[in-house]
Enquirer: 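Have a look at this one.
Each chain gets a letter, A, B and so on, in the order its sequence line appears, and its residues count up from 1. Hydrogens, waters and symmetry mates play no part in the numbers below; they use all other heavy atoms, side chains included.
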Amino acid sequence: QKEVEQDPGPLSVPEGAIVSLNCTYSNSAFQYFMWYRQYSRKGPELLMYTYSSGNKEDGRFTAQVDKSSKYISLFIRDSQPSDSATYLCAMSVFQGGSEKLVFGKGTKLTVNP
Amino acid sequence: DTGVSQNPRHKITKRGQNVTFRCDPISEHNRLYWYRQTLGQGPEFLTYFQNEAQLEKSRLLSDRFSAERPKGSFSTLEIQRTEQGDSAMYLCASSTTGLQYFGPGTRLTVT
């Protein structure tokens with residue numbers, strides 16, 4: 001079992017739809033939970049981050065973490081064609097003075113006008 | 001632009017050649033990371049620097065790979081005797097707080 005599982009999709013929705021993206025994880029040592037957006041052939045761009053269970057909202061985006069279920073979600077309201085990208089969940093682990101991010105595979109989202 | 005920069009953006013090389021990539025982090029960031037991303041996968045951790053000290057190397061980083069950060073500023077990643085399996089996007093990230101900000105990546109194609 002991989003440490004982070006993410007359904008790769010692809011996911012195709014009409015403009016204006018609410019999008020739900022999800023990841024599950026197995027490592028209880030993960031401390032930060034992040035969502036990155038990656039356009040084709042570009043580097044990942046940090047969208048949202050949180051370190052506690054609950055919801056965090058930023059404009060049309062809401063990040064949700066449930067540590068008891070080891071489950072995180074990203075919701076996109078009123079989706080736009082410009083939201084079409086691959087969305088990567090990532091979790092940080094600090095061990096022995098070092099740190100790294102562990103990523104899901106990414107979900108490819110297409111928002112159709 | 002004060003983001004993370006990487007050069008070159010794209011490198012095509014023949015199998016067996018050596019290649020070197022450069023990463024310039026955000027100026028006040030003391031932590032620097034290298035990741036590798038293949039098609040359809042998320043980035044995978046390769047190595048981590050805090051200032052000039054290399055504190056962790058992944059098992060993915062074979063003996064043919066070496067990374068340096070000589071003065072705690074920019075970093076280089078060298079791959080010796082490249083193989084076709086090395087074809088991937090090599091990403092650099094930097095941080096101060098644990099939130100990692102990525103550069104645009106260097107896409108390596110080994111023919």
Enquirer: Based on non-hydrogen pairs under 4.5 Å, which of A:V4, A:L88, A:L46, A:L101 is most in contact with chain B?
Expert: A:L101

Enquirer: Check this for me: A:R41, atom CZ, are more than 12 non-hydrogen atoms of other residues, nucleotides or ligands nearer than 6.0 Å?
Expert: no

Enquirer: For a quick test of reading the model, state the closest non-hydrogen atom pair linking B:E56 to A:E99 and the distance between them.
Expert: OE1-N, 4.5 Å

Enquirer: Shared ILVMFWY cluster between A:Y39 and A:F61, side chains joined below 4.5 angstrom?
Expert: no

Enquirer: Tell me, out of A:Q38, A:M34, A:E45, who's got the most heavy-atom pairs with chain B below 4.5 Å.
Expert: A:Q38

Enquirer: Quick check: is A:V93 connected to A:F33 through a chain of hydrophobic side chains (ILVMFWY, heavy atoms under 4.5 Å apart)?
Expert: yes

Enquirer: I'd like to verify something: which residue of B:R9, B:Q6, B:E44, B:Q37 has the highest number of heavy-atom pairs under 4.5 Å with chain A?
Expert: B:Q37

Enquirer: Are A:S92 and B:L99 side-chain neighbours, meaning at least one heavy-atom pair lies under 4.5 Å?
Expert: no

Enquirer: Tell me, which pairs form a ring pair (Phe, Tyr, Trp, His ring centres under 6.0 Å) where one or both residues lie in residues 37-64 of chain B, sequence neighbours left out?
Expert: B:Y33-B:Y48, B:Y35-B:F45

Enquirer: Is A:Y25 reachable from A:F103 through a run of I, L, V, M, F, W or Y residues, each pair having side-chain heavy atoms under 4.5 Å apart?
Expert: no

Enquirer: Identify the heavy atoms of B:L91 and A:G43 that sit nearest to each other, and give their distance.
Expert: CD2-CA, 4.0 Å

Enquirer: Quick check on A:P8 against chain B: is it the side chain, the backbone, both or neither that has a heavy atom closer than 4.5 Å?
Expert: neither

Enquirer: Go through B:S58, B:P43, B:G103 and name the one with the most non-hydrogen pairs under 4.5 angstrom from chain A.
Expert: B:P43

Enquirer: Given side chain to side chain contact (heavy atoms under 4.5 Å, CB included), test A:Y36 with B:Q100 step by step and report yes or no.
Expert: CA-CA 10 Å; A:Y36 285 84; B:Q100 296 183 26; 3.7 Å; yes

Enquirer: Do B:Y90 and B:V110 belong together in a cluster built from hydrophobic side chains that touch within less than 4.5 Å?
Expert: yes

Enquirer: For A:Y32 and B:T97, which heavy atoms make the closest approach, and how far apart are they?
Expert: OH-O, 4.3 Å

Enquirer: Just so I understand: if I count every heavy-atom pair under 4.5 Å between each of B:R31, B:H10, B:Q50 and chain A, which residue has the most?
Expert: B:R31

Enquirer: Flag yes if more than 12 heavy atoms outside A:K67 fall under 6.0 Å of its NZ atom; otherwise flag no.
Expert: yes

Enquirer: Quick check: is A:V65 connected to A:F75 through a chain of hydrophobic side chains (ILVMFWY, heavy atoms under 4.5 Å apart)?
Expert: no

